[in-house]
Amino acid sequence: MTIEYATQIFAFIILTLMTLGGGLAVVTSRNLFHAALSLILSLAGAMGYYVLLDAGFLAVVQLLIYIGAISILILFSIMLTRGLMVPGQVQRNEQWWIAALVVFLTFVVMVVALWQTVWPIAGEEALRAPNVAIGQLGAALVGPYAIPFEVISVLLLVALVGAIVLAREVENHSASADVETGE
Amino acid sequence: MILAQLLVLLLPDLVLTLTALVVLVLDMIWREGSRSQRFLPWVALIGTVALIAVTVLVWPLGGTGGLPIALATDKDFGGDQVPMMVLDPLALFFKLFTALVLILMLLASGDYVRARIRFRGEFYAFILFGGLAMMLSAAATNLLMIYLSLEFLSITSYLLTGYLREDERSTEGAVKYFVYGATASAVMLYGFSLLYGATGTLDLASIAAVLTGGAVPVHWLVYPALIMMLVGLGFKIALVPFHQWAPDAYEGAPTPVTAFLSVGPKAAGFAVLTRLLLTALPNFRLDWIAVLAGVAIVTMTLGNLVALWQSNVKRLLAYSSIAQAGYMLIGLVALAPEAQSWMTGLNGLLLYLFAYLFTNLGAFAVVIAVENHTGSAQLDAFAGLMRRNPFLAVTMFLFLLSLIGIPPTAGFVGKLFVFGAAIQRQMIMLAVVGIVNSVISVYYYYAIMRQMFFSEAADPLPFDEGPGLRVAVGVAAVMVLMMALYAEPFIRLASESVNLLAASF
Amino acid sequence: MNFPFLTLITFIPLLGAVAVALMPGKRERELKLVAILFSVPSLVLALVAWLLCAQRAGEMQLLEEAIWIPTLNAHYRVGVDGISLPLVFLTTLLTTLSLFYSSYTIKKRVKEFFALFLLLETGMIGVFVALDLILFYIFWEVGLVPMFLLIGIWGQPQDRPQYSAIKFFLYTLVGSVAMLLAFIAIYLTTGTWNILQIPSLKPLAGNPALAIAAFWAIFLAFAIKVPSWPFHTWLPDAHTAAPTAGSVVLAGVLLKLGGYGMIRILLPFFPDLFRQFAPWIGVLALISMIYGALVSMAQWDLKRLIAYSSVSHMGFFMLGLVAAAASLDVANPVLNNRAIALNGAVLQMFNHGIITGGLFFLVGVIYERTHTRDLKAFGGLSAKMPIYYGVMLMTALASLGLPGLAGFISEFMVFRGAFALIPTYAIIGIVAIVLGAAYILWKIIQHVFLGEFSEERWQKIFNPAHWHFSLDMARFEVVTMAPLLFFMVLVGVYPAPVLNVINAATTLLLAGL
Amino acid sequence: MAIPLPWWLTVAAALFAIGLYGVLSRRNAIGVLLGIELMLNAANINLVAFWRYITPQALTGQVFAIFVIGIAAAEAAAGLAIIISAYRRRRTVVVDELDTMRW
Amino acid sequence: MDFIFNLTPLIPLFPLLAFVIIVLFTHRHNRLSSDVAIGGIALSTVVAWAVVLATVLSDEYVRAEGWQLHVPWLPAGTTVLEMGFAVDGFTAAMLFMVPFVCLMIFIYSQGYMKLGQPDQDPRYARFFAYISLFAAGMLGLVVARDLVLLFISWEVMGLCSYLLIGFWSFRKAESEHHIDQAQVVRARQAALKAFITTRIGDVLLFSGIALLYSYTGTLTFRDLFRPETLEALQAISLLGMPTVTVIALLVFGGAVGKSAQFPLHVWLPDAMEGPTPVSALIHAATMVAAGVYLVARTLPLFIAGFVVANAPALHWVAIIGAVTALLGATIGLAQDDIKRVLAYSTISQLGYMMIGLGLGSLVAGIFHLLTHAFFKALLFLSAGSVIHGVEHGAHVAAHGDHTHAEHFSPNNMKVMGGLRHRMPRTFMAYLAGALALVGIVPFAGFWSKDEILTEAFHLWRADGALNLPFWVWLAGTLGAFFTALYMGRQLGLVFWGEPRHAAARHAHESPSSMTVPLIILALFAVLFGFVNAPFLGSPLHHLMDKVHEASEVMHAEVIPFNPTVAGISTMLAVAGLLLGWSLYRNYRTGQVEPFQATLGLVFIVLRNKYYIDELYRWAIIRPAVWLADFCFKIDDRWIIDPFVDLVGAAGRAASDVARVLDSGVIDRWFVEGTAQLFNAAGRWLRYSETGHVQNYLLVVAVTILLLLGLYLYF
């Protein structure tokens, strides 16, 4: 058991605490804003995982898109809809305990299944040296993964246009202006 | 594979994408409410017709055997450079299918959109993008591509559902649809990840190869993965118990969108499900046939039973479409590649989908027409339709008969092949349940017939449904009859679209 | 025979339906005329076909065959033999008469009515001529829909027409979907839908359980249509609610679809099973006969009474069929017991079509005038409407099996066969004949025509303002009834012309079993 | 590698479960969205772990994860837009209160 | 001669044509219609007598085998059932009587039916149409070659009987005052009763025919009675008896119904509601005799059964005959209605004929049938004449004082009296008929009845023991006494003593159109007996004895005249006649009847016809009607209505579709049950759609959990 192993294990524990703890906070905290913040914490944990798993580029993506974009978006929309977010208001619906039970059982079952499985772990040297350069990833995205790459770009376009169409503040007089109602 | 070839193979998808983008751009050029705006649907229509043309054009390429669509084939990246998509009969079938859906929808939605919808350009564009997503998902052979295209389809669907911003039902339906869909797809994604872990690849064929190779005992994982994928796809198809979003979303969505939702995602879901199960998990057949058989039974039954109590036609048709999905599933459950009688459940599934396409879209077109003129989709809005607009009443009657499965209509052919497959596989139970259900379904379809023919309208004034709707309904009706009276080409089409899969099975 | 007789007979009415549907709804007179004109060619052609086929009525004739769905090996295959010929003719005849009659009595939504009626005719004829299971099934269902609408739209409001309509629809559908499954199973084992070919292929021979299931599934479909007790309860409602012409065709033809199916499909496909289950089916027949008669005896609604009498009379048919199917009686070829029984059964269908059809017309006659069918409301009419009395008397007597009129011949042959093959059933069945006399004379003749005619009671129910024809049977009504009366007498006095064709076919059929 | 694969998977499963719980129990639509994000991350962790342990030579897992993140972004955008428009219309983002349409 | 025989089909055809013509063309002209009818029957009479003549004159062959003509009628499998006409000695005998009596009665009716009716009453034409049709039926029956034609004619007659009994069963209240309302109701019920009762017999006959056909493959008499056929029928056993016996009994059942034998005799007295000529023609002379004719025709069957296993068929004929003879005669003692008395007398006389056949003697039975036809027709027509006399008297009296107008029945003998002065010609005719009926030498009845009794006596003496023939003879002889008794009573009441009512006082003789037929018939009543008088060598016997020869089971020897029998019966007859006459000739209104005084309670029983009608009403009719209602309720009340309510309740709560559903499948238990099940299930499941998306998702989660857990534990 070398020192690096020890650090890895230590890091793993820390990150796990971040991720799961953050996750728990996300689903339990009474204040939605705090929930969103702890989401960021949890995401950061995940990012750490990626680093630990030698997927540096992915970690960067996580940081930029997830933490950088999505979480912020969420925070904004929370503030947008904060109007009636009276703090201290109950954030759980009445079925939460059933949910908890079911989810826990599912987790147990899954864990059993996961530990039952014998994994086709790759060979030692492969494990030791996962040589994936960023360049390769870029090449892959415009190479074999070009089609999905194009598609996702279109998808993002659609999503953004749609978001604008639905969420854009419309001044109602113009709304009634150009909708000749059928009724 | 050189780029030119690739583009040729992707031609249909490109055409559709292009059309959608053009519509978006034109919408920006023609400012809101200008006269030229009304040409948007025609532009979209032209694009769709073009889609059909190019589909027919590329048919010879993929019509006989699968033709992989991939940019590079070199092995630099650890040998996972397998294609994302394929141009095979099934994919072509669904390209055609999509084109037809789009055409009928565009024809049917004109007046409705003009009357109720803002941001029409985006609306049409989204519908076209939805179609694109359908085509992609039907052609995808890679878990990544599948997930991507299904999400694409879902997101467009969410947006379209919530498109009536001023209508609380629409927005509410959208929220429910979104929450439900996002969760379901997350679950499915988790399932994908497990499958990836179990096999180390995302390509369906390779997955099958690994699993059949049986190098490693990973069954502990495949089954959970199967279930979680089923959640995602079941959500798309609206199979019980993953159906509950459907009635709310259908009722809330703008009626043309409802029509689209009741056909498009279902078809895509079935396409993916079929491809996934047959290509990736053939030797887990026993597992998924057992599960799906159960699902089929509860789907048919629950859909029909609950439909008995609906008084809103859109909601009623939502439940009916749930039940219909149950019938279709029988075809998948009872698939028999070795069948002598042309009744391999798979072609039954496709035939049924095809019949369902015309029938359901036709029915919804009528609903749209009625809603345009009465402003309501409640049952009593149909009162005395026979007097007010015989054309709509008669065609609607035809569609309802087809939904029940009474000859000479398309629905009959679908049921014939599906139940035939079941009987062939000695799954009498399944067939009987299906039969009993189609009898139950009469009760609520009769509710509509009764209103149309037996009750008197509040205002008996006749009304005109408008050219677009007339064409849409007419085409649908003709096809519904055609499929029964001249079934041969349809049967061949369906059979040839699946024989490749069946062979690989 | 290149001339496509059957196709024309079958589809000319369909053309008519389309034509009527396309005509402007305002021009009612023309609509009616066109409808009737479109129904006549079928009648004529059917008659011609009969004459053509009378010689070799045993085997299938006027065969037309065309590949239809190659992948399914489904063909457009039609043909007629001595069993279907009379029924086809019956259909065309009754339809034409119904249209003629309705052209005087139907007031609302004329266009739809006549279009639907012609469509209905196509469906019914199609069933009789189809020789391909899919074709058969399609026509079977095609006939279902228009009748559903006829009952629902033109039914008398006080009879809950919509309820009756959906009931009729559901009952028939339950049966037919079960039948469809059975057909598919048969197809999957034999690989063909050819009705003529399947018997030789011994469908489902390998799988007894499935065979039995299929047998009962098909039986259910036909028994519901016939209708046999206990599947009969749709019938009184449907008949009562339907408009006169609807009841006529319903009783005259639609019930025959079931009977025809039993003879054409059930019996040849599963002769052994049929023999095996004959005792049970025979019991059903007996119950239908006696139960139906008893219930009609208890009726006070004229139309309902006749409806239940149909249950009883179709029970006779089933008894004959059971007798023919019950045994492999070849001991005494001279006696031809089975052939006689089956002849009786087929002829019973024909006669019942003529007679009960006529009875429903006659109910229409009184109903159009008084808008009631309550037997208690009439009385002494024979003094007021002598012609009506005469016609009704004759039809009623034919219905109760008076020798010299049609009903007797078939009853006689049925019982003749039954006595030879299943004596016990025959002896029990005899009761139904007595009861028949009871309800027809006691209820119909006595309560409607005999007794004291009271002017004020009549004034209550009869409003001259609503009736523009003569009080006694109007000319168009007489014209409608005349052909039926003619056939009652013809078949009753000299049945040979009709029986020859039937006989040829049945003997061949039985020989083939 | 110090940490055996199942540990990663277990953590992912736990995160997945937590996210699912959030989806099921949060009253606020945005809260539900948060839960969904957690579930997606769980799946991502799975993917990456698998990539690292099973197909380290290939890119599959990573690329898939990247795409998932992208899709998540699109989904979040669309979802939040819908929620906001609903909020505009109904003045609420509480999921339970969106039940005008039922049986 | 054969060309004459070839005319045979015309015999029934003429009246049939008359019927058609009247119905289609002349029914608006009364006089014309009646002429057409009479013309038709007259023509067939001529032809018929020509045929009779030909038969009598022709050689043995014609009498034994007979002449035939037939057409293929019913294709059955590979065979064809034929139908046709045949003439032999037996037929000839009937052909002599039937058309002639018909003709007489037609003529009589032409006068009779006009009385008391407004002109242009459509009934008049209708009446002649009916009786023409009837005549066609009867003649068809007689010339039938096979059971097919016989049965057809049989039922046609039954129909006409129904129509004619019910002839007064409807009226336009405002226009037809000559019919009283009570009569309408009575006629209606009588007609129905007659038809249904005979129908019971008919279906037995029907079954018999069907059986016969199924066992022999033919229905032609000649073929049926071939020895080999009969042997075959004897060989096969059915229900523990030789088939031939079963068939014979069934056929006899038909005869019992038609000929009003006990226990199916109840319809005949009520049938007197019909017009009097109808009573004379159908219910005395011809139709009721058809049963006897049928038994006679199929006698070989009975005898064959008798021969093979001593099976009871033939015995039953005799026993039923005897019982009926006594029953009718005794009831006849206690009736007041002049026509009913005659009706019961008819019943008992038919019993005599059955006795004759039951003893195996064709000729005895048929001989009585013929004589009875003449004198009973005569009696009825005279009675009709009397009734009309009285009715006319009533009209006359009505002008005087109105006291007697109400509750007055012209048929009631109690109101008559002393009519021999008022209506001499009628009286003479009546007397002749009465004496013939009673059996006084040399009137017709004497010879025929005597032959029957002699037959019985002879068979008894043949083996001495107190066997069946003895009892039959005893019954017959007693019956003869009672017959005389009630005829004496009737004569006394009607023609002697003082008029007991104004109507009788003002009664007067009927027109000659009625009296002339009376006189002609009277001649026959007096003389016809001689056609089979022993001292003339029993010509009738020689005409008929070959008829069933071919069947080889008939004994056809002539039984010599037996003075003992003749003496006893004649003595009793005279005694009875005088007794009845003397007791009643001075009967006064209100005075208790002499018979009642002597017989007491027995008389009450007799007057109430042994309460047989009541018995039937309670034992058969009520249960049948109850059963019908019961079945109807099963269909309608008990199964449906509860569900109407149940479902209706559900429907009010449920949505539009549910209401459709509820009103849509209300039906038997199972359909209903399932429908309710679906409905309830749907309604319950529907609440799973809570509208809360998170509930939906919870369902998903649970599903996943379940499926996974399922997987984990197998």
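So that the names make sense, note that chain A is the first sequence line, chain B the second, and so on, each numbered from 1.
- Contact between B/G200 and D/I54 at its shortest, heavy atoms only, is CA-CG2, 4.0 Å.
- At a 4.5 Å heavy-atom cutoff, D/A49 makes no contact with chain B through either its backbone or its side chain.
- A distance-only check finds no donor-acceptor pair linking the side chain of B/K176 to the backbone of D/D99 [under 3.5 Å].
- Within the 4.5 angstrom heavy-atom criterion, only side-chain atoms of D/L20, from C-beta onward, approach chain B.
- Within the 4.5 angstrom heavy-atom criterion, only backbone atoms of B/D167 (N, CA, C, O) approach chain D.
- When each of B/L202, B/N142, B/L148 is tested with D/F64 by the rule side-chain contact (heavy atoms from CB on, under 4.5 Å), just one qualifies, namely B/L202.
- With a threshold of 4.5 angstrom between heavy atoms, B/V187 approaches chain D through its backbone and through its side chain.
- Shown here for B/A174 and D/I82, the closest heavy-atom pair between the two residues is CB-CG2, 3.6 Å.
- Heavy-atom distances place the side chain of B/E151, and not its backbone, under 4.5 Å from chain D.
- Counting heavy-atom pairs under 4.5 Å between each of B/L159, B/L194, B/V179 and chain D puts B/L194 at the top.
- In this structure, B/S170 and D/R89 have side chains that are not in contact, with every pair of non-hydrogen atoms separated by 4.5 Å or more.
- Separation of atoms OH (B/Y190) and CG (D/L15) is listed at 9.5 Å; rounding is to 0.5 Å.
- Looking at B/S185, the atoms closer than 4.5 Å to chain D (heavy atoms on both sides) all sit in the side chain, from C-beta outward.
- Using modelled atom types and a 3.5 Å distance limit, the side chains of D/T100 and B/E172 yield a donor-acceptor pair.
- In this structure, CZ in D/R88 is found 12.0 Å from OG1 in B/T171, a value given to the nearest 0.5 Å.
- In this structure, chain B has heavy atoms under 4.5 Å from both the backbone and the side chain of D/L47.
- The CG atom of D/L24 sits 8.0 Å away from the OG1 atom of B/T183 when rounded to the nearest 0.5 Å.
- Under the 4.5 Å side-chain criterion, counting only non-hydrogen atoms from C-beta, B/T201 is not in contact with D/T60.
- Residue pairs satisfying the ring-ring contact (aromatic ring centres under 6.0 Å, His included) criterion with at least one member in residues 139-171 of chain B, sequence neighbours excluded, are listed as follows: B/F123-B/Y163, B/Y158-B/Y177, B/Y158-B/F178.
- For the residue pair D/T55/B/Y196, the side-chain donor-acceptor check at 3.5 Å is satisfied.
- If you measure heavy-atom distances from D/A77 to chain B, you find no contacts under 4.5 Å at all.
- Using a 4.5 Å cut-off between heavy atoms, B/L144 touches chain D through backbone and side chain atoms alike.
- Between D/A43 and B/S193, the shortest heavy-atom distance links the atoms O-CB, 4.0 Å.
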